[in-house]
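Just follow the structure's listing: the first ligand is 1, and inside any ligand the first atom is 1.
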Amino acid sequence: MLNLRYLAFPWTRATYKPLLVFSLLSALSLCLCQVSYCAPLQGDSEHYKRLRYKMVDKQIAARGIGDENVLRAMRDVPRHLFVPKGKRNSAYGDFPLPIGYGQTISQPYIVALMTELLEPEKDDVALEVGTGSGYQAAVLSQIVKRVYTVEIIPPLGKAAEKRLKQEAYENIKVKVGDGYYGWKEYAPFDCIVVTAASDHIPPALIKQLKKGGKMAIPVGSPFHVQNLMLVEKSEEGEIKMRNMLPVRFVPFRRKWK
Ligand code: SAH
């Protein structure tokens, strides 16, 4: 007897079933290929994740960074989204990269080292001077409760604010202004990180550092090698400074244009 169901839907017939399964599988694998081919051009992906994990192993853990929170944050934050689109394939290289306006996103190892020096904890409130791309703030935000970050170049500050919002870094607040004065409204800070080189430590930053807090700051003349310094304020309010490493940062500036 003629089965009307097979007339209306011939592919449900037993003989067509292998063909149907084969076509569906082919379509699925075509879609998957397309997705993995296009992935490096989109948000995060297996491709970038692999590069990021390799970066942490080879450039960071292998050089002695051992704080698990820092390693986790460096594995989690998609650095390629913080560099200009044309430079995404170099985002996980062992070097700083230009981010426009003559500024740079620091080398991954330096970001990890500065973060580790602060010994950040989950209830800490942190200040960053020199938002740039927003990458250092994003890394820190994965460990502490809140990050306040100040950028003096308005288009960089605005772009970082937008990027951090888009990527849902909700515990970061960006301000455009001169970070020489810190951010009094939210002081004192458990940790302060300065990512531009100054010839002296801005007094306001020492003042806004909490007792028991730590600050990492490159000190020295601009356009030369500087010293990465760790400043610690004891529970009694005493200041101790240590030279950690020769570094090269973009200059701390007091105005833009
Ligand atoms: N932390 C950044 C690195 C940015 S480079 C990142 O992760 O991408 C240093 C930044 O410090 C530059 O964007 C520069 O414009 C900014 N800067 C320099 N002097 C400043 C100041 N007085 N106040 C705030 N930002 C400053």
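At the shortest separation from atom 12 (C) of ligand 1 among protein heavy atoms lies Gln103 OE1, 3.2 Å. Atom 11 (O) of ligand 1 has as its closest protein heavy atom Gly130 CA, 3.1 Å. The closest protein non-hydrogen atom to atom 16 (C) of ligand 1 is Glu151 OE1, 3.4 Å. The protein heavy-atom contact nearest to atom 3 (C) of ligand 1 is Thr104 O, 3.4 Å. For atom 9 (C) of ligand 1, the closest non-hydrogen atom on the protein side is Thr195 O, 3.2 Å.
Cation-pi geometry between Arg79 and Tyr92 is not met at under 6.0 angstrom from the ring centre and within 45 degrees of the axis.
Look at Glu232 and Lys214 and you find a salt bridge, because one of the NZ, NE, NH1 or NH2 atoms lies within 4.0 Å of a carboxylate O, short of that distance.
Distances from atom 7 (O) of ligand 1 to the heavy atoms of Arg253, Lys255, Gln136 show the closest one on Gln136. When the options Ser106, Gly102, Ser133 are ranked by their closest heavy atom to atom 6 (C) of ligand 1, first place goes to Ser133.
Interface atoms of ligand 1 facing Leu156, defined by a heavy-atom separation under 4.0 Å, are 13 (O). The ligand atoms of ligand 1 that sit less than 4.0 angstrom from a heavy atom of Gly177 are 23 (N), 24 (C). Heavy-atom proximity to Tyr135, at under 4.0 Å, picks out these atoms of ligand 1: 7 (O). Shown in contact with Asp178 at under 4.0 Å from a heavy atom are these atoms of ligand 1, numbered in order with element: 21 (C), 22 (N), 23 (N). Below 4.0 Å from some heavy atom of Glu128 lie the following atoms of ligand 1, by number and element: 1 (N). For ligand 1 and Ala196, the ligand atoms under 4.0 Å from any heavy atom of the residue are 11 (O), 18 (C). The distance from ligand 1 to the heavy atoms of Val250 drops below 4.0 Å at these ligand atoms: 5 (S), 9 (C). Each of the following atoms of ligand 1 lies closer than 4.0 Å to a heavy atom of Ile105: 8 (O).
Any N or O atom pair closer than 3.5 Å counts here, and Gly179 shares at least one such pair with ligand 1. Backbone and side-chain nitrogen or oxygen atoms of Ile153 are examined, and none is located within less than 3.5 angstrom of a nitrogen or oxygen of ligand 1. For a threshold of 3.5 Å applied to N or O pairs, the pair formed by Ile152 and ligand 1 contains at least one separation below that value.
Checked by atom type and distance alone, the side chain of Glu151 pairs as donor or acceptor with a backbone atom of Ile153 at under 3.5 Å. For Lys233 (side chain) and Ile206 (main-chain N/O), a donor-acceptor pair under 3.5 Å exists by modelled atom type. For Gln103 (side chain) and Tyr101 (main-chain N/O), a donor-acceptor pair under 3.5 Å exists by modelled atom type. Of the possible donor and acceptor atoms, none in the side chain of Asp67 sits under 3.5 Å from a partner among the backbone N and O of Glu116. Here the side chain of Asn227 pairs no donor or acceptor atom with the backbone of Met229 at under 3.5 angstrom.
Contact analysis puts Pro251 in contact with ligand 1, with a non-hydrogen atom separation below 4.0 angstrom. Distances from ligand 1 to the non-hydrogen atoms of Arg254 include no value under 4.0 Å. Proximity of Thr131 to ligand 1 is established by a heavy-atom distance of less than 4.0 Å. Under a 4.0 angstrom heavy-atom cut-off, Ala138 registers as lying outside contact with ligand 1.
Side-chain contact between Tyr48 and Arg88: present, with at least one pair of heavy atoms (C-beta onward) separated by less than 4.5 Å.
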Evaluate Val219 against Gln226 for side-chain contact (heavy atoms from CB on, under 4.5 Å), listing each step before the verdict. CA-CA 5 Å; Val219 182; Gln226 305 104 22; 5.9 Å; no
Applying side-chain contact (heavy atoms from CB on, under 4.5 Å), run through Thr131 and Leu156 and close with a yes or a no. CA-CA 8 Å; Thr131 315; Leu156 278 181; over 6 Å; no
Identify all side-chain donor-acceptor contacts of residues 190-199 below 3.5 Å with residues at least two apart in sequence or on another chain.
unit_1	atom_1	unit_2	atom_2	d
Asp190	OD1	Lys210	NZ	3.2
Asp190	OD2	Val125	N	2.7
Thr195	OG1	Val129	O	3.3
Thr195	OG1	Gly130	O	2.8
Ser198	OG	His200	N	3.3
Ser198	OG	His200	O	2.5

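Thr115 and Gln136 share a side-chain donor-acceptor pair at under 3.5 Å.
For the side chain to side chain contact (heavy atoms under 4.5 Å, CB included) test with Arg52, the passing option among Val77, Asp44, Asp76 is Asp44; the others fail.
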